[in-house]
Amino acid sequence: MPLAVVLTAGLLALSLSVGVYDITDGEDGWAMFGITRVPRTISLVLAGAAMSMCGLVMQLLTQNRFVEPTTTGTTEWAGLGLLLVFILVPGASLLTKMAGAVVMAFIGTMVFFAFLRRVSLKSSLIVPIVGIMIGAVVGAVSTYLALATDMLQQMGIWFAGSFTSVVRGRYEMLWIVLVVTLLVFLLADRLTVAGLGKDVATNVGLDYDRVILLGVAMVAVATGVVTVVIGSLPFLGLIVPNVVSLLRGDNLRSNLPWVCLLGVWVVTVCDIIGRTIIMPFEVPVSLILGVLGAVFFIALLVIRQRRA
Amino acid sequence: MPETRTAATDAPQVSGHTPGPGERRTGPFVRGRDRLRYALVMALLVLLALGFTAGILAYDNPMPVGTDGFWRIAELRATSIAVILVVAFCHAFATVSFQTATSNRIITPSIMGFEALYVVVQTGAVFFLGASGVAAVTGTAQFLLQAGLMVVVATILYGWLLSGRFGSIHIMLLVGVILGGGLGSLSTFMQRLLTPSEFDILTARLFGNIGNADAAYLPYAVPIALAAGGALWWRARRLDVLALGRDATTNLGLNHRREVIVVLVLVSVLMAMTTSLVGPMTFLGFLVAMLAYQFADTYDHRLLLPMAFLLGYVVLSGAYFVLRHVFYAQGMVTIIIELVGGLTFLVYIIRKGRL
């Protein structure tokens, strides 16, 4: 653990030191440092930890290792909510946009859970397929709306997960996801019990439906907020909890800090790659995550298939 | 393995004998009623297709029908019709053959990421050839070269994926879907690293819709698509056999693996052609193939393929006609089809999930 803390600190310092603007250039540089570098690194930490936690929570609640906001369509629903706010309330405040995204993310995740209850699950693999397809359909709705209202380009920019636009005054909403992360720590035991299935959970005296609702609400809040401020971070919630449980087994309570930390590491490293690879320009972090995530996902499938 | 054909197996639907109602017979249709239904559906589809074609050509055409000016405008619109024809043809033939070769009716080339692969190959060509390659990429020889590269990669990749290594359809589908998404990210990633001028050339090639598809590709896409589709048509009897599954195919004397790979190659050629014209369309093939199975209700690919093609044409041209000329929203054609097709796919999978 101490080693991990050192590693985290090192990565964050590296993240702070990367950039085009020369921060050693007197007062001006240090002002820039405070305006862009520090907010960016803070949002990397917050978004990375929160989205990894979301993946973990959803995997617990659905009892399925392949589920996370990208593969359940939650991100697409949040995007749709954001777009609806854009269309209905032109010039809406950041808070209104966020509310729209969170509400739609919640509705969407509930729709997904409703789907799951109706399908008798012969194969755990059908769950992510259904989720991805719901996401594709919702995405088509969003594209349709965006085209009809001439927002396509704007939506593309909003949607590509990137920390480029994170500056002081534009990221503070992200602190909300810290609450979600803390809540996951507090509710860890209940979520674990809920993850054993409805019958077991009810038997040991847990209000199963309420825990599910709470879990979905937390995921919706985190996904909604991150989508509005950063954009989508594909596969993050899938990679991190799976790597942690591959390395450390399935003890949720002791895994939680590791999930947080690994989430921060992955996002920070991807962000640093994105910032340096075509300096002075940037590659959105979502693209790097998308490529790495897909490779990891398929490797995971192949490994599990070999073992089975 | 020379194909033996007799008049009886070649074209059963035009043979002179008409069985009475309820009489059982062998051949693509069990009862005479089924054959009648097939003929009726086909006739209806042909009528619809002609109607929409005429609609696209003539509706809201400011010139009176038959004059020189009318034909001049109609000629411009004929390009759209040619594009729709190619797209419907490619998606219908590719999807039906692909579903037969993989013996399941859920996965389609698009869902498995064939188009994303094409986009990656295109982007990769521009990316790795660099500035000097940009000029070359616009040439036709390079277009063919890239399509060829895509065929090779698709055959290796999907041949491996579909060779039964993974055992379950679900895992195959999942790998395909994720692969498609990952390849999409990869090409967007490479596009970000391109210089703006390279990027412009690439965007012009990759993102189109029916309205502004590049007509310059038609002279190449049409013959290639026809050749690949014709090859599938010629092998339709083997597809009928492949549909029986691996064991039965081997028993009947066909090399299953070889047949599947040949079909995959042809499918990837078709997908390369349609993607180069209008870009990716995920659910069109699924929609069309599923409707064709429902309406045709036969195993015979010589009957399935044309119906899927006609269905595709009717769906595309109908959507195009209504949206362009009635609602003035031609850019939405593909999106609406994605929406309808995606919903159908979901409903289908939910119903299948209950089985």
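Remember, predicted model here, so these are calculated numbers, not experimental data. The sequence lines fix the lettering, A, B, ..., with proteins before strands; numbering per chain opens at 1.
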**Request:** Please report the shortest heavy-atom distance between A/S286 and B/S185, naming the atom on each side.
**Result:** O-OG, 4.5 Å
**Complete:** To the nearest 0.5 Å, atom CZ of A/F296 lies from atom CD1 of B/I178 at 11.5 Å
**Test ring pair (Phe, Tyr, Trp, His ring centres under 6.0 Å) applied to B/F345 - qualifying residues, sequence neighbours left out** = B/F283, B/F286
**Request:** Apply side-chain contact (heavy atoms from CB on, under 4.5 Å) to A/I212 and list each qualifying residue two or more places apart in sequence or on a separate chain.
**Result:** A/L61, A/F113, A/Y208, A/V216
**Asked** Hey, what do you get for CG (A/L287) to CG (B/L186), rounding to the nearest 0.5 Å?
**Response** 9.5 Å
**Prompt:** Nearest heavy-atom pair of A/V137 and B/L339: which atoms, and what distance?
**Reply:** O-CD1, 3.5 Å
**Message:** Please identify, among A/T71, A/I134, A/T70, A/L292, the residue contributing the most non-hydrogen atom pairs under 4.5 Å to chain B.
**Reply:** A/I134
**chain A contact via B/I111 - side chain, backbone, both or neither, heavy atoms under 4.5 Å** = side chain
